[in-house]
There are 2 protein chains.
Amino acid sequence: MNDSPDIKKEIKQSKPFEYKSAEAIVALLRTTDEIKRRISEVTAREDITPQQYNVLRILRGAGYDGLPTLEVGKRMIERSPGITRLIDRMEKKGLVTRNRSGSDRRCVPCKITSRGIEVLDSLRDPMARIEADIDQKMSSNNLDLLIELLAELRK
Amino acid sequence: MNDSPDIKKEIKQSKPFEYKSAEAIVALLRTTDEIKRRISEVTAREDITPQQYNVLRILRGAGYDGLPTLEVGKRMIERSPGITRLIDRMEKKGLVTRNRSGSDRRCVPCKITSRGIEVLDSLRDPMARIEADIDQKMSSNNLDLLIELLAELRK
DNA sequence: TAAAAATAGTTGACTGGTCAAGTAAAATTA
DNA sequence: TAATTTTACTTGACCAGTCAACTATTTTTA
């Protein structure tokens, strides 16, 4: 009770949704939070975070030459300014290797290790199960529609 | 080059999207990441995180009696097991108060302070601008559709 | 009513993520 | 070609989030 007495007057719930988009934003945040939690549960089996999983996918797709550290960061689904640290931790776990490039000595190309590929392989099925579950829940048309609407939102 | 020689064989990009839902998940993560970044930019003006902003909104809506700590956690858009710490930090900043309840001494109801309300007020317009921007970008029908599809995804 | 279970929250140890400033190499420009 | 700018990171300090174990209180149940 150490607040000013007129706090009562000030506390008034604003109209629930002034803009319709506010409701969409909340729905977006909630839905994504839920999906992220499910993905986390899967990646946790191999002691990695969803972000680290994303890096592994990117590096597997990149092939032998690997990719410079910051380029990996740019390709991530969720932007991650802390990409150096993220990859530090992955290197410690033996999931990736890093070697300063010979041609451009500023760059440090990262490559996935065979251990990293093993981890991806072992997560493949449980990850597919998440996707299959959604695929079953929503029609293909609605998924297309959703993808389209989300693209529109991103402009 | 300290990887096994057959790593070359193992690196093969899996088909881009085995399930259509995979593409939707990526779109969802990307879109939400972008929106969250915009929201962060706004809340940063008042030196709070989007989660703290969310707590302030919940507490303003809750009125005088405030809400028990864990109840606040449950109402959050993104679930947050670290709610105690989160509110610790907010209390330090003078945005909320906490007092162990008289009737049930296990509970610690949290209340927003007038300073907390000030912060909400000062973020109101910039936050509305984010919403207005989306409202302008998408038709009301499409927003409804999006909200519906997201609800379907959450089951 | 005493013991057991459930609830509400706190705390400590840890990991992960973020920001700002710094370094080193390459590219650009004067 | 020397000075400047840009690029590609790295590092240090800090904050936020997570997990497991713990305390205190209330509720249930035997």
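Throughout, protein chains are lettered first and strands after them, A, B, ... in sequence-line order, and every chain is numbered starting at 1. All heavy atoms count here, side chains included; hydrogens, waters and symmetry mates do not.
- Here the side chain of B:R106 is nearest to one of C:dG16, C:dA6, C:dT11, namely C:dA6.
- For the pair B:L86 CG and C:dT11 P, the interatomic distance rounds to 15 Å; values are reported in whole Å.
- Going from atom CZ of B:R98 over to atom C1' of C:dG9 covers 9 Å, rounded to whole Å.
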task = Would you please test B:L29 and B:D33 for side-chain contact (heavy atoms from CB on, under 4.5 Å) and show each step?
result = CA-CA 6 Å; B:L29 292 172; B:D33 187 52; over 6 Å; no
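- Around the CZ atom of B:R79, the shell of radius 6.0 Å holds no more than 12 heavy atoms that belong to other residues, nucleotides or ligands.
- A residue-by-residue look at A:G82 and B:E71 shows that B:E71 has its nearest nucleotide of DNA chain C further toward the 5' end.
- For the pair A:R89 and C:dG17, the criterion of a side-chain N or O lying under 4.0 Å from OP1 or OP2 is met.
- The phosphate of C:dG16 (OP1 or OP2) has no side-chain N or O of A:R85 nearer than 4.0 angstrom.
- When A:I117, A:L59, A:L56 are each tested for a side chain to side chain contact (heavy atoms under 4.5 Å, CB included) with A:L95, only one passes: A:L56.
- Contact check, A:Q51 against C:dG17: a side-chain N or O comes under 4.0 Å of OP1 or OP2.
- The main-chain N or O of A:C107 is never found under 3.5 Å from a side-chain atom of A:S101 such that the two would form a donor-acceptor pair.
- Atom pair A:R105:CZ and C:dA27:P shows a separation of 14 Å (rounding to whole Å applied).
- In terms of the salt bridge (charged side-chain N to carboxylate O under 4.0 Å, His left out) criterion, residue partners of B:K137 (sequence neighbours excluded) are, by chain and number, B:D133.
- Reading DNA chain D from its 5' end, the first and the last nucleotide to sit under 4.0 Å from a heavy atom of chain B are D:dA16 to D:dT26.
- Put simply, CD1 on B:I87 is 13 Å from C1' on C:dA8, counting in whole angstrom units.
- Of the candidate nucleotides C:dA8, C:dG16, C:dT10, C:dA8 has the atom nearest to the side chain of B:L70.
- The NZ atom of A:K36 sits 15 Å away from the P atom of C:dG16 (whole-angstrom rounding).
- Heavy-atom distances to DNA chain C give each of B:L67 and A:P81 a nearest nucleotide, and the one nearer the 5′ end belongs to B:L67.
- Backbone-only contact: A:S103 has heavy atoms under 4.0 Å from sugar-phosphate atoms and none from a base.
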When the side chains of residues 66-76 of chain B are checked against the rest of the protein, which donor-acceptor pairs come out under 3.5 Å, sequence neighbours left out?
unit_1, atom_1, unit_2, atom_2, d
B:T69, OG1, B:V108, O, 3.1
B:E71, OE2, B:R75, NE, 3.0

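- Atom CG of A:D88 is separated from atom C1' of C:dG17 by 13 Å (rounded to the nearest Å).
- Tracing side-chain contacts under 4.5 Å through hydrophobic residues (I, L, V, M, F, W, Y), one reaches B:L145 starting from A:L143; they form part of the same cluster.
- At the phosphate of C:dA8, neither OP1 nor OP2 sits under 4.0 Å from any side-chain N or O atom of B:T69.
- In this structure, A:M90 places its CE atom 17 Å from P of C:dT15, rounding to the nearest Å.
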